[in-house]
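This is the structure, below, for whatever I ask next.
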Protein chains: 2
Amino acid sequence: MLADLRRPERTFTIRQLCNEFKATPRALRFYEDKGLLTPAREGLNRVYSHKDRVRLQLILRGKRVGLSLSEIRELLDLYDENDDGAAQMARSLKKFRERATALEQQREDIDGALIELREACARLERRLAEIRPDLLPRAADYDQVLRARLDGHADAVMGK
Amino acid sequence: MLADLRRPERTFTIRQLCNEFKATPRALRFYEDKGLLTPAREGLNRVYSHKDRVRLQLILRGKRVGLSLSEIRELLDLYDENDDGAAQMARSLKKFRERATALEQQREDIDGALIELREACARLERRLAEIRPDLLPRAADYDQVLRARLDGHADAVMGK
DNA sequence: GGCCAAGTTGACGTTTACGTAAACGTTGAC
DNA sequence: GTCAACGTTTACGTAAACGTCAACTTGGCC
């Protein structure tokens with residue numbers, strides 16, 4: 001295949017990468033502003049190399065697991081200094097482990113909040129059953145459940 | 001006890017409530033700005049009634065479970081309209097249930113991120129073990145684990 | 001020539017929950 | 001008299017990750 005994505009000399013426009021990874025042009029330019037990407041230019045237009053594409057993948061992976069852009073940049077910088085990559089891998093491993101423990105903590109916090117929420121719900125349900133059973137919402141609306149699942153998504157990990 | 005906190009005519013200064021609930025004066029004034037609290041005045045100074053104290057408790061409880069201040073305000077507003085409180089309870093129950101499903105979703109997202117993280121960690125560990133086993137960080141630093149536990153806290157639920 | 005699509009560079013707006021001065025008033029202790 | 005400790009208001013700062021204009025250029029196509 002002549003258009004194989006992995007052919008190293010292949011280049012990409014901003015929109016191609018946006019489509020492929022479901023990002024916006026604004027986001028890619030923003031990453032560039034922040035030093036995460038440094039695509040070549042053809043006149044004014046950005047030209048993304050195969051390496052740029054890999055970096056973008058790493059950026060998005062970092063975001064998915066909840067790293068901040070500045071943390072991601074640090075890791076990418078190490079990736080460039082390229083002392084065979086070993087030191088960079090060690091630092092990445094450390095960051096990832098830190099992030100994992102932080103996420104575990106977040107999960108515990110959420111569990112605590114859920115306990116408090118369920119208690120509050122139970123109290124309200126009991127009192128409503130006494131006073132005005134007709135106002136008691138049966139089960140959760142399907143609508144809302146669905147909407148809640150369609151929003152949030154991976155963004156929740158980033159604390160949005 | 002003459003100073004029983006539940007004595008309805010008892011009043012509180014801003015600092016007393018701050019100490020009791022570990023908030024800052026700035027925060028209470030901010031809640032007032034946002035319409036969540038409306039303490040009386042003695043000259044310029046704020047005087048918090050027993051009812052204000054209850055409202056503050058509700059505010060903080062709402063925050064702990066991850067509601068935004070504007071959501072909390074909506075609930076408190078309903079609390080005031082006070083048609084025997086039943087309608088307000090029904091709305092609160094609805095909000096709480098919505099919040100619960102959102103938190104459950106967040107937990108799933110976190111679990112997904114944790115899976116991706118653990119895979120990445122495993123890959124890095126294997127490759128480091130091959131290339132430079134000396135750089136492989138043994139276990140997580142005690143320091144960092146402790147720090148991670150002391151920060152985050154309930155704030156994590158709020159997405160901080 | 002004329003127009004559209006897609007690219008570019010600023011630069012300001014958004015959101016949340018306060019923190020952080022700055023500048024001032026009041027009260028009580030010494 | 002004056003210093004500390006508490007209170008007040010006004011108002012700007014913060015952080016993150018872009019969204020959303022605005023105003024312009026470039027290339028292609030008819």
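Quick note on labels: first sequence line is chain A, next is B, and so on, each numbered from 1. Computation of the quantities below employed the complete heavy-atom set of this structure, encompassing side-chain atoms and omitting hydrogens, waters and symmetry-equivalent molecules.
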Task: Atom pair distance, as rounded to whole Å: CZ in B:Phe21 and C1' in C:dC18 - done: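 Spelled out: CZ on B:Phe21 to C1' on C:dC18 is 19 Å.
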- [ ] Round to the nearest Å and state the distance from B:Ile14 atom CD1 to C:dT26 atom C1'.
- [x]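 My rounded result for the distance is 16 Å.
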- [ ] Verify, without hydrogens or angle tests, whether A:Arg55 (side chain) and A:Leu36 (backbone) share a donor-acceptor contact under 3.5 angstrom.
- [x]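 Such a contact is found between A:Arg55 side chain and A:Leu36 backbone.
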TODO: Could you tell me the separation between the CZ atom of B:Phe30 and the P atom of C:dT20, rounded to a whole number of Å?
DONE: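 So the two atoms are 15 Å apart, to the nearest Å.
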Open item on the list: If you compare every side-chain N and O of A:Lys63 against the phosphate oxygens of D:dC18 (OP1, OP2), does one of them come in below 4.0 Å?
Closed with: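 Looking at the OP1 and OP2 atoms of D:dC18, one of them is under 4.0 Å from a side-chain N or O of A:Lys63.
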- [ ] For A:Thr24, answer base if it contacts any base atom (sugar-phosphate contacts may also be present), sugar-phosphate if it contacts only those atoms, and nothing otherwise; contact means non-hydrogen atoms under 4.0 Å.
- [x]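 Sugar-phosphate only.
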TODO: Work out which heavy atom in B:Ala129 is nearest to a heavy atom in B:Pro133; give both atom names and the distance.
DONE: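 Where B:Ala129 meets B:Pro133 most closely, the heavy atoms are O-CG, 3.1 Å.
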- [ ] Check the distance between C:dA17's C1' and B:Leu67's CG and give it to me in whole angstrom.
- [x]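 Atom-to-atom, B:Leu67 to C:dA17, this comes out as 15 Å.
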TODO: Would you indicate, yes or no, if C:dA17 has its OP1 or OP2 atom less than 4.0 angstrom from a side-chain nitrogen or oxygen of B:Arg26?
DONE: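 Answer is no, no contact under 4.0 Å.
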Open item on the list: Is there a side-chain contact between B:Arg29 and the phosphate of D:dT8, meaning an N or O under 4.0 Å from OP1 or OP2?
Closed with: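 It does, given that an N or O in the side chain of B:Arg29 lies less than 4.0 Å from OP1 or OP2 of D:dT8.
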Open item on the list: Whole angstroms only, please: what is the CZ-P distance between B:Arg64 and C:dA17?
Closed with: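 Rounded to the whole Å, the gap is 15 Å.
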- [ ] Using atom CD1 of A:Ile72 as one end and atom P of D:dA17 as the other, report the distance to the nearest whole Å.
- [x]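 In whole Å, D:dA17 P and A:Ile72 CD1 are 8 Å from each other.
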Open item on the list: If the cut-off is 4.0 Å, is A:Arg46 near the phosphate of C:dG7, judged by side-chain N/O to OP1 or OP2?
Closed with: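 For A:Arg46, the contact criterion (side-chain N or O under 4.0 Å from OP1 or OP2 of C:dG7) is not met.
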TODO: Starting from the 5' end of DNA chain C, give me the residue, A:Pro25 or B:Leu69, whose nearest nucleotide shows up first.
DONE: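 Upstream on the strand: A:Pro25.
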Open item on the list: In the structure I gave you, are the side-chain heavy atoms of A:Arg29 and A:Arg46 within less than 4.5 Å of one another anywhere?
Closed with: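 With C-beta onward as the side chain, the pair touches.
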- [ ] Work out which heavy atom in B:Ser92 is nearest to a heavy atom in A:Leu124; give both atom names and the distance.
- [x]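 In terms of heavy atoms, the two residues are closest at CB-CD1, 3.9 Å.
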- [ ] Nearest whole angstrom, please: distance from the C1' of C:dT26 to the CD of B:Glu42.
- [x]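 Answer to the nearest Å: 13 Å.
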Open item on the list: Quick check: on DNA chain D, is the nucleotide nearest A:Leu28 upstream (toward 5') of the one nearest A:Leu44, or the reverse? Name the residue that is more 5'.
Closed with: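 Looking at the nearest nucleotide for each, A:Leu28 comes out on the 5' side.
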Task: OP1 or OP2 of C:dA6 under 4.0 Å from side-chain N/O of A:Arg15 - done: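 For C:dA6, OP1/OP2 do not have a side-chain N/O of A:Arg15 under 4.0 Å.
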Open item on the list: Would you say A:Tyr31 places a side-chain N or O within less than 4.0 Å of OP1 or OP2 belonging to D:dC18?
Closed with: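 A:Tyr31 to D:dC18 OP1/OP2: side-chain N or O found under 4.0 Å.
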TODO: Look at the side chain of B:Arg41 and decide which nucleotide, out of D:dC18, C:dC18, D:dT9, has an atom nearest to it.
DONE: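 Side chain of B:Arg41 sits closest to D:dT9.
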Task: Interatomic distance where CG belongs to B:Asp33 and C1' belongs to D:dT9 [whole Å] - done: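 Atom CG in B:Asp33 sits about 10 Å away from atom C1' in D:dT9.
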TODO: Find out whether B:Leu75 and B:Glu71 are in side-chain contact, i.e. whether some heavy atom of one side chain is under 4.5 Å from a heavy atom of the other.
DONE: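 B:Leu75 does not reach B:Glu71 side chain to side chain.
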